[in-house]
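Here the structure comes first, spelled out in structure tokens, and everything after it is commentary.
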Amino acid sequence: MSLEASQLNELHWLMEMLHNIDVGLVVLDREYNIQIWNGFMENHSGLLPREVKDKNLFSLFEEIPQDWFVRKAESVFLLKNKAFTIWEQRPYVFKFQNYRPITGTADYMYQNTTFIPLMAANGKVSHLCLIVYDVTDSAVHKKDLEAANQELAILSQTDGLTKLFNRTHWERCLEAEFKRWTRSHNPSCLVMIDIDHFKNINDSYGHMVGDQVIRHLADVVRQQVRETDVSGRYGGEEFSILLSDTTLENAHIFAERMRKTVEASVVKYNDIDVKYTISIGIAQVTPGISTYEAWIECSDAALYQSKEGGRNRITLFPKQ
Ligand SMILES: Nc1nc2c(ncn2[C@@H]2O[C@H](COP(=O)(O)OP(=O)(O)OP(=O)(O)O)[C@@H](O)[C@H]2O)c(=O)[nH]1
């Protein structure tokens, strides 16, 4: 075999390999007309190389935002530098269906694309090569991981029984609110709620019924609070609500509505009907309170007075 023939062979093999490689290869001329279109592009677009040859990229693929693409490509032509676009910035350049069985959750193929300047013999960049990588697997896994992390973050802040904030997260919110208050001094109130004689409910009807009562109170709290209020399950049958930008007088109105709602409710569990009441302590933060823990102590003390005073009542701090 002559040298020329073997070189031709190598060239032929190279072309064959490029045609069959598992990444997309596209060559565009200065007018964005397609010159080369390999097997990957053919398989995913359903268009043969001869069908796209000399056709304008933007008329064939209307989903490609022309302004964006041209801006990127022109800098490659002019500066003779490579450019990239990754799926996090733009999920894909070519809107190809995703056929992968493992990552079947994605409708379209996620792509990373590299723009490479192709220099002619005269040193001018007259053509541009696009290399399109299918990154659907890693994109879907990354998105799944992010969603799982987000779910975990929510779970770590939430009480399982009531779906209100758990104590740790609620206290973190309270600490932030206390810091905010030290700057703004807007009125802010802390409401502590405890179910009366809850032990009796557990002892008389069992823990399942007790849990149902706790869930009921959580629902009442959810119905009554505003979006900006922060409610949590502070302990077993103790709930805490932070009412920011709320005066003691308004917090009292809010708590009284809640107390009455509970008093009028019947919790049903199978054929058991349970009535219950709640005691409430409310503390408005004042300059005498130097830490958020001290604020909790004030509302706890007010709650204790409601218990001592006969239950099913509200005590305010400072006294009115
Ligand atoms: N069912 C159920 N019971 C709980 C849960 N957490 C705490 N408890 C119970 O709540 C009861 C609280 O009782 P106490 O602190 O003695 O208070 P109480 O009976 O509510 O009486 P007062 O608060 O003084 O009105 C205890 O029996 C705990 O076992 C829970 O998640 N589910």
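Atom set for the values below is all heavy atoms of this structure, side chains included, hydrogens, waters and symmetry mates excluded. In each ligand, atom 1 is the first atom listed, and ligand 1 is the first ligand listed. Predicted model, so just to flag it, every value in this text is computed and none were measured.
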Below 4.0 Å, non-hydrogen atoms only: which portion of M208 touches ligand 1? Side chain, backbone, both or neither.
neither
With distance as the sole criterion, is a donor-acceptor pair present between the side chains of R226 and T246 under 3.5 Å?
yes
With backbone taken as N, CA, C and O and side chain as the heavy atoms from C-beta onward, which portion of R233 lies under 4.0 Å from ligand 1: side chain, backbone, both, or neither?
side chain
Does ligand 1 have an atom that lies less than 4.0 angstrom from a heavy atom of Q212?
no
Answer with side chain, backbone, both or neither: which part of D211 has a heavy atom less than 4.0 angstrom from an atom of ligand 1?
both
Just by distance, no angles: are the side chains of D194 and S279 close enough, under 3.5 Å, to form a donor-acceptor pair?
no
Between the candidates R215, K199, E237, which shows the shortest non-hydrogen contact distance to atom 15 (O) of ligand 1?
E237
Over all heavy atoms of both residues, which pair between I201 and G210 is shortest? Give the atoms and the distance, please.
CG2-CA, 4.3 Å
Protein contact for atom 32 (N) of ligand 1 (heavy atom, distance under 4.0 Å):
yes
Any protein heavy-atom neighbour for atom 7 (C) of ligand 1 (distance below 4.0 angstrom)?
yes
Residues forming a side chain to side chain donor-acceptor pair (under 3.5 Å) with N200, sequence neighbours excluded:
none
Non-hydrogen atoms of P65 and R90 that approach each other most closely:
CG-NH1, 3.1 Å
Can you pull out the closest protein heavy atom to atom 4 (C) of ligand 1? Residue, atom name and distance to 0.1 Å, please.
F198 CE2, 3.5 Å
Between R172 and E177, does any NZ, NE, NH1 or NH2 come within less than 4.0 Å of an OD or OE carboxylate oxygen?
no
Taking 4.0 angstrom as the limit and counting only heavy atoms of G210, give me the atoms of ligand 1 inside it, by number and element.
1 (N)
Of all the non-hydrogen atoms in the protein, which one sits nearest to atom 22 (P) of ligand 1, and at what distance?
K307 NZ, 3.4 Å
Looking only at non-hydrogen atoms, the one of L303, T162, N202 nearest atom 28 (C) of ligand 1 is N202
Check whether the side chains of T113 and T85 place a donor and an acceptor atom closer than 3.5 Å, and report yes or no.
no
Could you see which bit of I195 sits under 4.0 Å from ligand 1, with heavy atoms only: side chain, backbone, both or neither?
backbone
Need the ligand 1 atom indices (1-based, order shown) with element for anything under 4.0 Å from a heavy-atom of H197.
18 (P), 19 (O), 20 (O), 21 (O), 22 (P), 25 (O)
Criterion ring-ring contact (aromatic ring centres under 6.0 Å, His included) against Y108, the qualifying member of F94, Y92, W87, F96
Y92
Sub-4.0 Å atoms of ligand 1 with respect to non-hydrogen atoms of R311:
22 (P), 24 (O), 25 (O)
For ligand 1 and L161, I'd like to know whether there is a polar contact (N/O to N/O, distance under 3.5 Å).
no
Check this for me: does any side-chain nitrogen of one of E263 and K260 sit under 4.0 Å from a carboxylate oxygen of the other?
no
Do NZ/NE/NH1/NH2 and the carboxylate oxygens of E256 and R259 come within less than 4.0 Å?
yes
